Number of protein chains: 2
Amino acid sequence: MSPVKKTRAAARVEQIETIKDVSRRLLAEKGVTGLSLREVAREMGLVSSALYRYFATRDELLTALILDAYNDLGSAVERADRRSVTLSSRRRWHAATRAIRRWAKSHPHEYALIYGTPVPNYVAPELTIEAATRVSGALARILSDDWARRPPTRTTASTANIRTFLIVDNIRELLPDVPPDHYVKALIAWTHVFGFINFELFGQYVGTVRNADVMFDRVMDEIADFLELGD
Amino acid sequence: MSPVKKTRAAARVEQIETIKDVSRRLLAEKGVTGLSLREVAREMGLVSSALYRYFATRDELLTALILDAYNDLGSAVERADRRSVTLSSRRRWHAATRAIRRWAKSHPHEYALIYGTPVPNYVAPELTIEAATRVSGALARILSDDWARRPPTRTTASTANIRTFLIVDNIRELLPDVPPDHYVKALIAWTHVFGFINFELFGQYVGTVRNADVMFDRVMDEIADFLELGD
DNA sequence: TCATTTAGGAGAGCACTGCTCTCGTTATCC
DNA sequence: GGATAACGAGAGCAGTGCTCTCCTAAATGA
């Protein structure tokens, strides 16, 4: 209502931003378990109880960080895709998946926060689901665009069978030009991007993979074949 | 040296077993973060400091639980494979991967312990790597056995290129009959089993997958095609 | 057999955590 | 200008992992 926001509200959002920034720094240094409200407060020259004016609980702060992480990753992959949108589908796929992995490796703890073990008792708020869709949406667009360019030989198989195990309405929104009988392949591709990064970051590839950079490209190429992406 | 072990040593291993049992129960109830040494001690009618006679630190207890979890899962999939070893490679693949997922769903917190975010600062002890190999080894045997039955049309391509990003010596041990140019495919299959289960258990499939049971079978069938497993 | 070593448990205590409550102060709104 | 609400300080509670000292009872060696 007031023409100009006064210092009060501005100071609040600024304070919230500071809390999240400090938290992100401590998160990067010591991981989730090492992130404590008291230390954040200490760093800010505040007493711990003051933080509760902004976040009712530690989990609430973590949820905010998760949301930001999803959006940060989301915009990173969107940016990468924007740069390569004129190239072939295969190159777009490589650019996008590389961007995801790159973000993951430079923000390992934030990545673990969103794609690792759910922190408290796992209840994904609606907002995080929406933010999470940004990154999968970017990948989906590449695949859907590719199908839009393919010769229209599609068989348009019935979705009746697929409906038993997939929520096709939600998927169709993301893959408007992909025939439903390819939804499973698309989900496999999506799953594999994060399956690889999880295994790499969480140490499962120790002893088998020597150079994960090269391996990732090879695997993503194999997935592109699997998706029959245009070259 | 003594002919019969006295009560002392036996009581010790028994006490250790009790600690791990109680810990597993509490782990299943409240997750990793909810597992506290003091509560374990309380349940056993002990004082917390007594537990430190058996585990020098909480992480040491967790490491023991991780080791047991790997072995428990390992023997579960080995058992499943033993029952289906006479069937086709495709059926063996389905039996083994189903066993893995079944174990994961009935031990979600233990699964998260070994395939989720590394708990403290991630240092995988040698012993856990060995135990972890049991489950991947069981999967590998299926694939290697399948290749042993295939007509010997293998091209035996040079491993020179693959050596740059894979530790082929370790992989060859697990896949003795698989030509090296198929190692990447094998690693993709292995990665995807756990990529799927991670996504399912950690809530990433909410909104897209309706019936994960059916979806899993479909996906594993697609992977079997990808591996060209015999039917 | 008896003295000695050693293992196991009890209990107090330290430093830390998340979170709650009360109480002044100070900026905002009517 | 006075009421209202936001903000921060500070004390305190219950909980944590871990350490240290002390005592008892069991295993060991001469």
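Below, chain A is the first sequence line, B the second, and so on; all start at residue 1. Quick caveat, the model's predicted, so the values are computed rather than measured.
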Q) Are B:Asp169 and B:Arg172 within salt-bridge range, i.e. N to O under 4.0 Å? A) yes

Q: Mind listing the residues from residues 34-45 of chain A sitting with a heavy atom below 4.0 Å of DNA chain D? Number order is fine.
A: A:Arg38, A:Gly45

**Q.** Contacting residues from residues 16-24 of chain A, given that a heavy atom lies under 4.0 angstrom of DNA chain D
**A.** none

(Q) Once salt bridge (charged side-chain N to carboxylate O under 4.0 Å, His left out) is applied, what residue pairs with a partner in residues 103-114 of chain B remain, sequence neighbours excluded? (A) B:Lys105-B:Glu200

Qualifying residues under side-chain hydrogen bond (donor to acceptor under 3.5 Å, both in side chains), relative to [X], sequence neighbours excluded:
X: B:Lys20; answer: B:Asp68
X: A:Glu17; answer: none
X: B:Arg141; answer: none
X: A:Tyr115; answer: none

**Q.** Residue pairs involving residues 205-215 of chain B (criterion side chain to side chain donor-acceptor pair (under 3.5 Å); sequence neighbours excluded)
**A.** A:Thr191-B:Tyr205, B:Arg101-B:Asp213

Write down the distance between [atom1] ([X]) and [atom2] ([N]), rounded to a whole number of angstrom.
X: B:Tyr54; N: D:dC18; atom1: OH; atom2: P; value: 17 Å
X: B:Leu51; N: D:dG17; atom1: CG; atom2: P; value: 10 Å
X: B:Asp59; N: D:dG17; atom1: CG; atom2: C1'; value: 10 Å

Q. Sequence neighbours excluded, which residues qualify as ring pair (Phe, Tyr, Trp, His ring centres under 6.0 Å) partners of A:His109?
A. none

Sort me out a list of protein N/O and nucleotides 20-26 of chain C N/O pairs below 3.5 Å, or just none if empty.
none

Q.
Going by side-chain contact (heavy atoms from CB on, under 4.5 Å), name the residues that satisfy it together with A:Ser49, two or more places apart in sequence or in a different chain.
A. A:Val47

Q. Roughly how bent is the helix from C:dT1-D:dA30 to C:dC30-D:dG1 end to end, in steps of 10 degrees, with each end axis from five pairs?
A. 10°

Q) Once the angle between the rings of A:Phe194 and A:Trp190 is folded into 0 to 90°, is it parallel (under 30°), tilted (30 to 60°) or perpendicular (over 60°)? A) perpendicular

